[in-house]
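Inspection log for the structure reproduced underneath, given as structure tokens.
Protein chains get the first letters and strands the later ones, always in sequence-line order, with residue 1 at the start of each. These numbers were taken from a predicted model, which means no experiment stands behind them.
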Amino acid sequence: MLTDREIQRYSRQITFIGEENQERLKSAHIVIAGAGGLGCPIAIYLTVAGIGHITIIDCDKVDRTNLNRQILHWERDIGREKTRSACDKLQQLNPEIRIDAITTVITRENASALITGAGLIIDALDNFEGRYILNRAALDHAIPCIHGAVCGYDGHVTTMIPGETACLRCIFPEPPTGSEFPIIGTTAGIIGLLQAHEAIKYIIGRGELLKNRLLLWDGRGSTVSYLDLERDPLCKVCGEFQKRKVTGGKG
Amino acid sequence: MKVLVRAFAGFRDVMGESTSYDLPDKSDLSTLLSLIASRSEESRALLFDNKGQLRGHIILMVNRKRVSRTVIGTLLLSEGDEVALYPPVAGG
């Protein structure tokens with residue numbers, strides 16, 4: 001049930017999506033992996049939209065070089081854990097919701113525990129090693145995952161539903177090279193907001209998701225293109241998931 | 001025959017957004033990629049590693065359908081085909 005205060009707070013979107021859908025947002029638990037350039041705008045918009053429970057995971061501390069794009073972290077936060085810095089502001093933006101902050105690297109060992117109980121995962125990481133681990137854990141728990149990535153003027157987004165769409169390994173069998181990437185803050189903002197937008201549509205079940213479609217944003221001409229995707233039947237990662245679904249077991 | 005190549009993301013800065021390439025009839029995808037690479041050293045370095053292998057992370061699409069890098073030597077192109085090349089971004 002929504003409180004009177006919540007009905008007032010979300011009134012402009014309740015008139016659009018309805019009270020029932022606002023309650024769906026309130027009941028949702030979303031894990032945001034990464035509190036950086038993508039994670040910040042994602043977390044801000046999901047917080048103010050009224051997602052009832054957000055868990056934000058990051059291993060880093062705020063550095064001055066983050067400040068051109070990681071908009072939840074300010075000059076005064078330099079040296080603080082990003083999750084703490086993000087959590088403080090998010091809780092001020094919306095005191096009605098629960099926000100958990102977990103400072104850790106996502107590993108094969110802890111990934112499963114980190115996402116247990118979530119209804120949706122948002123991949124806002126900055127490296128493919130972590131993204132692949134998250135992808136496998138999402139498949140193991142049959143939790144949808146919204147993936148986004150950026151570099152310079154470019155970004156891409158897709159929504160992955162276990163058993164229904166291509167998984168991250170089908171789409172990107174081999175990781176892109178390079179570790180540090182140039183980035184303009186608005187690119188991360190645009191891609192992060194597309195990910196948050198997908199999340200809201202998924203929770204309320206309205207609109208067309210980016211299922212088996214990779215949206216490509218090109219900031220040079222502000223254009224959007226799409227690549228059609230499909231499951232790789234030989235995918236080593238989601239192939240196992242398909243097998244378990246058919247046999248109904250964990251083997 | 002003419003084949004249209006659409007480059008995305010960082011490839012766009014080097015190869016151009018949309019370029020038409022002239023190829024002998026019945027050329028395969030590998031021939032097209034070599035032709036693109038021959039246009040500039042920068043293009044070659046983006047497409048191939050120092051052993052001449054196509055870089056594994058590049059997404060290849062022919063007529064909007066994903067193709068595996070394992071078929072580049074056998075997939076024959078036709079007049080008017082559209083090939084898309086996307087080097088995925090990774091940052092967050």
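Considering all non-hydrogen atoms of both residues, Ile171(A) and Ile59(B) come closest at O-CD1, 3.7 Å. Closest non-hydrogen pair, Pro173(A) versus Arg66(B), comes out as CD-NH2, 3.6 Å. Taking each heavy atom of Phe181(A) and Gly92(B) in turn, the nearest pair found is CZ-N, 3.2 Å. Across every non-hydrogen atom of Val89(B) and Cys151(A), the tightest pair is CG1-CB, 3.5 Å.
Contacts between Pro176(A) and chain B at a heavy-atom distance below 4.5 Å involve backbone atoms as well as side-chain atoms. Both the backbone and the side chain of Asp228(A) have a heavy atom closer than 4.5 Å to some heavy atom of chain B. Proximity to chain A involves both the backbone and the side chain of Pro88(B), based on heavy atoms less than 4.5 angstrom apart. The parts of Leu227(A) that come within reach of chain B are both its backbone and its side chain, each placing non-hydrogen atoms under 4.5 angstrom from that chain.
Heavy-atom pairs under 4.5 Å with chain A were tallied for Arg64(B), Arg12(B), Arg6(B), His57(B); the largest tally goes to His57(B).
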field: Worked verdict on Lys65(B) versus Glu230(A) for side-chain contact (heavy atoms from CB on, under 4.5 Å)
entry: CA-CA 9 Å; Lys65(B) 192 153 173 66; Glu230(A) 54 188 25; 3.1 Å; yes
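The six-membered or imidazole ring of Tyr86(B) lies near that of His156(A), with a centre-to-centre distance under 6.0 Å.
The backbone N or O of Thr177(A) lies less than 3.5 Å from no partner atom in the side chain of Arg55(B), so there is not a single donor-acceptor pair.
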